[in-house]
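So the structure is just underneath, and the comments pick up after that.
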There are 2 protein chains.
Amino acid sequence: MFKVNKLTDYAMVLLLEMARGSTVRSTQHVSDRTGIPLPTVAKIMKSLGKAGLVQSQRGAGGGYALGRRPIEITVADVIQAVEGPIALTACAETSDEHCSIEAVCPVQGKWNRVNRAVRAALTEVTLADMAEDIPTFGPAPRAKEEPRAATALLAPVK
Amino acid sequence: MFKVNKLTDYAMVLLLEMARGSTVRSTQHVSDRTGIPLPTVAKIMKSLGKAGLVQSQRGAGGGYALGRRPIEITVADVIQAVEGPIALTACAETSDEHCSIEAVCPVQGKWNRVNRAVRAALTEVTLADMAEDIPTFGPAPRAKEEPRAATALLAPVK
DNA sequence: GCAAAGCGGACTAAAACAGTCCTGTTTACG
DNA sequence: CGTAAACAGGACTGTTTTAGTCCGCTTTGC
Ligand code: SF4
Ligand code: SF4
């Protein structure tokens, strides 16, 4: 089953939610909106932050906002932020690992072509593409009543 | 670390080795040639066999040969044979799984575009492409002296 | 008939992942 | 200036996947 990490998938959900406005949102808020558990949201946000995909505002009333415009964030960026380098095999040029056969393997480097093709495919699609006609989030938040009083107050924009 | 299964990688090595001639080879032989442990080779061959990528010949002097021409075997084929369907997310069209957010997730289906792009990239590269100027295998077999007496005798071709 | 080889599937150890938690730092605001 | 909200960083743990092995059965050439 060739697939992306579940956390990567979630990261995309979070980013898409955040793409709906440029206000700063707390992890709590985003968690409620998406249904993804709070600690998990926090963890993912940290990864995204390090990669610069989101900006953080610390302190009371703080939270996260997109680090750059949706059209400048590619799926490849998200994967790399959460999972690390995209390297289909241990011997790929983008990898830092090594395989046990590496010394004698005649396939050495042959995967690079595939690797590049996949990366190109992942770089083609941006957050903006995926955000197209996504209306609002699901059938409304989860349980707890809308908890955005605090954050709404200091929404920097709009 | 976005990567393919190690077994998939090995599968490619095996197929590439087999692409060098149309004779039937035993798993033992292929194992010696590639340095991949015998039981592992056997396991991979079974997967490849089910997918039709290799043909098997049972009984004494039996073994495996490619199931079709190298140009007709794509990287996507190999991945699917070993790992199962290529479905980047649980909600992808090619997936048979389901995710916990699926009901309320507005991203639903948005990954299909990415999924298709990746599959296309993987389908573009064939075994023939990867086999280009691969001379012989490594610095010679492993330890044990060349053990191909038996199989060489009944090589159907060439 | 015997031995070589594949077939199917069960099993286990090791690694990766998903999720949680805790301790510390920054910052708004009363 | 104290308090509480919120992020930062990292350790930890239970679960799931993966990689690798093994065994008993079937097929087939000699
Ligand atoms: S050296 Fe060969 S076996 Fe090892 S990762 Fe590269 S292609 Fe795969
Ligand atoms: S429904 Fe949403 S969270 Fe679930 S797999 Fe699809 S995109 Fe990911």
Side-chain angles (χ1 to χ4, degrees), chain A residues 1-11 14 24-32 35-51 54-65 67 79 82-84 90 97 99-101 147-156, chain B residues 1-11 14 23-32 35-50 54-65 67 79 82-84 90 97 99-101 147-156:
Chain A
M1 186 66 93
F2 187 67
K3 62 170 131 178
V4 299
N5 239 323
K6 203 193 230 176
L7 293 187
T8 302
D9 183 7
Y10 285 167
L14 297 180
V24 174
R25 295 171 194 69
S26 68
T27 58
Q28 177 66 61
H29 178 205
V30 177
S31 168
D32 290 338
I36 300 172
L38 180 59
T40 302
V41 173
K43 181 177 196 170
I44 296 171
M45 285 303 194
K46 288 171 197 169
S47 299
L48 295 178
K50 276 182 199 160
V54 296
Q55 285 183 324
S56 67
Q57 172 60 47
R58 297 178 68 155
Y64 294 95
I79 294 178
V82 179
E83 310 190 22
E97 299 181 57
C99 110
S100 54
I101 320 257
R148 77 179 74 102
T151 54
L153 288 182
L154 37 136
Chain B
M1 187 66 93
F2 187 68
K3 63 171 131 177
V4 300
N5 233 314
K6 202 192 235 177
L7 293 187
T8 302
D9 182 8
Y10 285 167
L14 297 180
T23 69
V24 173
R25 295 171 193 71
S26 68
T27 58
Q28 177 67 61
H29 178 205
V30 177
S31 168
D32 290 338
I36 299 172
L38 180 60
T40 301
V41 173
K43 181 178 195 169
I44 296 171
M45 286 301 195
K46 289 172 197 169
S47 299
L48 295 178
K50 277 182 199 160
V54 297
Q55 284 182 325
S56 66
Q57 173 61 45
R58 298 178 65 156
Y64 294 95
I79 293 178
V82 179
E83 311 189 22
E97 299 181 57
C99 110
S100 53
I101 318 258
R148 75 180 74 101
T151 53
L153 288 181
L154 35 135

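Reminder, nothing fancy here: chain letters follow the sequence lines and each chain counts from 1. Given the structure is predicted, the values throughout are model-derived calculations rather than measurements. Quick note: numbers below take in every heavy atom, side chains included, and nothing from hydrogens, waters or symmetry partners.
Side chain of B:Lys6, nearest nucleotide from D:dG9, C:dA18, D:dG20: D:dG20. Candidate nucleotides D:dA6, C:dG8, D:dA8 were compared by shortest atom distance to the side chain of A:Ser56, and D:dA8 ranks first. Taking every side-chain heavy atom of A:Lys43 into account, C:dA18 is the closest of C:dA4, C:dA18, D:dG20. Closest to the A:Tyr64 side chain, of the nucleotides C:dA3, D:dA6, D:dA8, is D:dA8. The side chain of B:Tyr10 has D:dG20 as its nearest neighbour among D:dG20, C:dG6, D:dC7.
Between the side chain of B:Lys46 and the base of C:dG6, no donor-acceptor pair of N or O atoms lies under 3.5 Å. Side-chain to base pairing of A:Arg58 with C:dT27: no donor and acceptor N or O lie closer than 3.5 Å to each other.
The interatomic distance linking A:Leu38 (CG) with C:dC21 (P) rounds to 10 Å, in whole Å. Put simply, CD on B:Glu97 is 15 Å from C1' on C:dA18, counting in whole angstrom units. Distance CD (A:Gln55) to P (C:dT27): 14 Å, rounded to an integer number of Å. Rounded to whole Å, atom P of D:dC7 lies 12 Å from atom CZ of A:Arg25. Following rounding to the nearest Å, B:Ile79 (CD1) and D:dT18 (P) show an atom-to-atom distance of 13 Å. As rounded to whole Å, 11 Å separates atom P of D:dT21 from atom CG of B:Leu7. As a whole-Å value, the separation of B:Lys3 NZ from C:dA16 P is 6 Å. B:Ile101 has its CD1 atom 13 Å from the C1' atom of C:dA18, to the nearest Å.
Within the structure, a side-chain polar atom (N or O) of A:Thr40 is placed less than 4.0 Å from OP1 or OP2 of C:dT20. Distances shown here put every side-chain N or O of A:Ser26 at or beyond 4.0 Å from the OP1 or OP2 atom of D:dC7.
Note that CG of B:Leu14 and CD1 of B:Ile36 are 4.5 Å apart. Values are rounded to the nearest 0.5 Å. Here CG of B:Leu7 is found 12.5 Å from CD1 of B:Ile79. Values are rounded to the nearest 0.5 Å.
A:Gln57 places no side-chain N or O within donor-acceptor distance of the main-chain N or O of A:Val24, the cut-off being under 3.5 Å. Under the 3.5 Å distance criterion, the side-chain polar atoms of A:Arg58 are left unmatched by any main-chain donor or acceptor of A:Ser56.
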Residue pair A:Thr40, A:Tyr10: steps toward the side-chain contact (heavy atoms from CB on, under 4.5 Å) verdict:
CA-CA 9 Å; A:Thr40 302; A:Tyr10 285 167; 4.3 Å; yes
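Heavy-atom distances to DNA chain C give each of B:Gln57 and A:Pro37 a nearest nucleotide, and the one nearer the 5′ end belongs to B:Gln57.
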